[in-house]
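The structure appears right after this line, and notes come after that.
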Amino acid sequence: MHGLINRAIQSFVCATYGQDCWRRATEAAGLGFVEFEAMLVYDREKSYRLLDALCTDLKRPRDEFLEDLGTYLVSHPNMEGLRRLLRFGGDTYVEFLHSLDDLSDRVRLAVSDLELPALELVECSPNEFELRCFPGMEGYSSVLVGILRAMADDYGALVFLSHLGNRDGIDVISMTLVESAFAEGRRFELGARSS
């Protein structure tokens, strides 16, 4: 698994649960190190062992942990770059949803060796959508649920989300847009510079 993904997990755990939790999990997973290098690629088994150790330590189901990770990736100040990448998808939440088909390509433009599973958005009605997450990374759809919730808040949209599970090998997330301007969204400027 790409080091950027492992570093994101590390950042989430350290910011949310503390350094001690992270150290305990790396020891329990038998990694032999505590810091991931962002640009290296690691054996997926190590990453999955680490996730199992974290969920055991925190007494949380993996899907919930990964959904919280997805929320963190969009809402925490440490991850502003990812939020900006996602906000380039459009001015509204619906435009953002339609941009998800191209997310793996946009990510690859930024980091050429980071491969994310393909996504396909199906518009069931003007306010109802399904996001299909193709195989390739275990738990990816759970992270996406957290990202989709956080992005709804970011845009100020009221959205009901449901992880429908796996259909014919493809994870499906259902989204119902109740109101596109439910609250004031977070400020976003196209030309903003990071400090």
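From a predicted model like this one, the values you see are computed outputs, not experimental measurements.
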So do [Y] and [X] actually touch side chain to side chain, heavy atoms under 4.5 Å?
X	Y	value
L54	C21	yes
V94	F129	yes
V178	V159	no
L164	I173	no

If we ignore angles and hydrogens, is there a donor and acceptor under 3.5 Å between the side chains of [X] and [Y]?
X	Y	result
N78	Y72	yes
E115	H2	no
S142	H163	no

Centroid-centroid distance, F12 to F65, less than 6.0 Å: yes

Do the side chains of [X] and [Y] join up, straight or via other hydrophobic residues, at under 4.5 Å, putting them in one cluster?
X	Y	result
V122	I147	no
V41	L51	no
L40	F33	yes
V172	L100	no
I9	Y17	yes

Could you measure the distance from the [atom1] atom of [X] to the [atom2] atom of [Y]? Nearest 0.5 Å is fine.
X	Y	atom1	atom2	result
L119	L97	CG	CG	11.0 Å
D43	L31	CG	CG	10.5 Å
L85	S99	CG	OG	9.0 Å
I5	Q10	CD1	CD	14.0 Å
M175	E128	CE	CD	11.0 Å
R44	L50	CZ	CG	15.0 Å

Kindly give the heavy-atom pair with the smallest separation between [X] and [Y], and that separation in Å.
X	Y	value
L86	F96	O-CD1, 3.6 Å
V34	W22	O-NE1, 2.6 Å
A28	A53	CB-CB, 3.9 Å
C124	E130	SG-CG, 4.0 Å
F134	I170	CE2-CD1, 3.3 Å
S104	P117	CB-O, 4.2 Å

Without swapping roles, check the side chain of [X] against the backbone of [Y] for a donor-acceptor pair under 3.5 Å.
X	Y	answer
Y93	L148	yes
D102	D105	no
D101	L121	yes
T16	V13	no

With sequence neighbours left out, which residue pairs that include part of residues 58-75 fulfil the salt bridge (charged side-chain N to carboxylate O under 4.0 Å, His left out) condition? D52-R62, R60-E64, R60-D68, R62-E138, E67-R149

Show the numbers, then the answer: is there a side-chain contact (heavy atoms from CB on, under 4.5 Å) between M137 and L116? CA-CA 7 Å; M137 189 178 297; L116 297 178; 3.9 Å; yes

Do R83 and E80 sit within salt-bridge range, that is, some charged N less than 4.0 Å from a carboxylate O? yes

Presence of salt bridge, D171 and R132, under 4.0 angstrom: no

Go through the steps for R87 and D154 under the test side-chain contact (heavy atoms from CB on, under 4.5 Å), then give the verdict. CA-CA 9 Å; R87 283 299 296 256; D154 206 80; 2.5 Å; yes

Checking D153 against S75 for the side-chain contact (heavy atoms from CB on, under 4.5 Å) test, could you report, in this order, the C-alpha distance in whole Å, the side-chain angles of both residues, the deciding distance, and whether it holds? CA-CA 9 Å; D153 289 344; S75 60; over 6 Å; no

